[in-house]
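Worth knowing before you read on, the calculation uses all heavy atoms, side chains too, and leaves out hydrogens, waters and symmetry mates.
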Amino acid sequence: MDPDERPAARRRGPRRQRRHLNRLARALRRRGWRVERRFGTHPPLLHVYASEAPSVGESVLVAGGPTAPWFRSSTGAYLAPCSDPARAIEAVTELLTPWVAAALTPAR
């Protein structure tokens, strides 16, 4: 069964998704990431990027997990339960850091 089709995911509405994403956005900003809320989309998203490399980023959404909602990347990777935004930040940092570093490396 697709994780987004689980009963917990169907009960979770956009309002709760936005609340989880807002909490993650605040925490990401404190860690130095730039965040754009894209709440006019379905599902609501956060676009996360480094100000030094705005063309490199990741979109994060809230999806159903095994027992609770999880943060999920646009690639489909589950980052962390929504109850653990610090773990989600670590996962986003791990995903984006090599891409940001590559974007900032001068071409030879």
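The minimum heavy-atom distance linking P44 with F39 is given by the pair CB-CD2, 3.8 Å. Scanning all heavy atoms of the two residues, the minimum distance from P85 to L24 falls at O-CD1, 3.9 Å.
Contacts of P81 classified as side chain to side chain contact (heavy atoms under 4.5 Å, CB included), with partners at least two apart in sequence or in another chain: W70, S83, D84, R87. Considering only residues two or more places apart in sequence or on other chains, R15 meets the side chain to side chain contact (heavy atoms under 4.5 Å, CB included) condition with R18. The side chain to side chain donor-acceptor pair (under 3.5 Å) check on R34 picks up nothing, with sequence neighbours excluded.
Of the inter-residue distances, the one linking R19 atom CZ with C82 atom SG reads 10.5 Å to the nearest 0.5 angstrom. For the atom pair CG (L21) and CG (L28), the distance works out to 10.0 Å, reported to the nearest 0.5 Å. The distance from atom NE2 of H20 to atom CG of L61, rounded to the nearest 0.5 Å, is 12.5 Å.
Within a 6.0 Å sphere centred on CZ of R31, heavy atoms belonging to other residues, nucleotides or ligands number 12 at most.
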Residues R26, V35; criterion side chain to side chain contact (heavy atoms under 4.5 Å, CB included); working and verdict: CA-CA 9 Å; R26 287 189 300 273; V35 178; over 6 Å; no
Quiz: residues 91-107 side-chain donor-acceptor pairs under 3.5 angstrom, not counting sequence neighbours:
from, atom 1, to, atom 2, distance (Å)
T93, OG1, W33, NE1, 3.2
T93, OG1, I89, O, 2.8
T97, OG1, T93, O, 2.6
T105, OG1, A101, O, 2.7

Distance-only donor-acceptor hits, side chain of residues 45-60, under 3.5 Å, sequence neighbours excluded:
from, atom 1, to, atom 2, distance (Å)
Y49, OH, E36, OE2, 3.2
E58, OE2, S74, N, 2.9
E58, OE2, S74, OG, 2.4

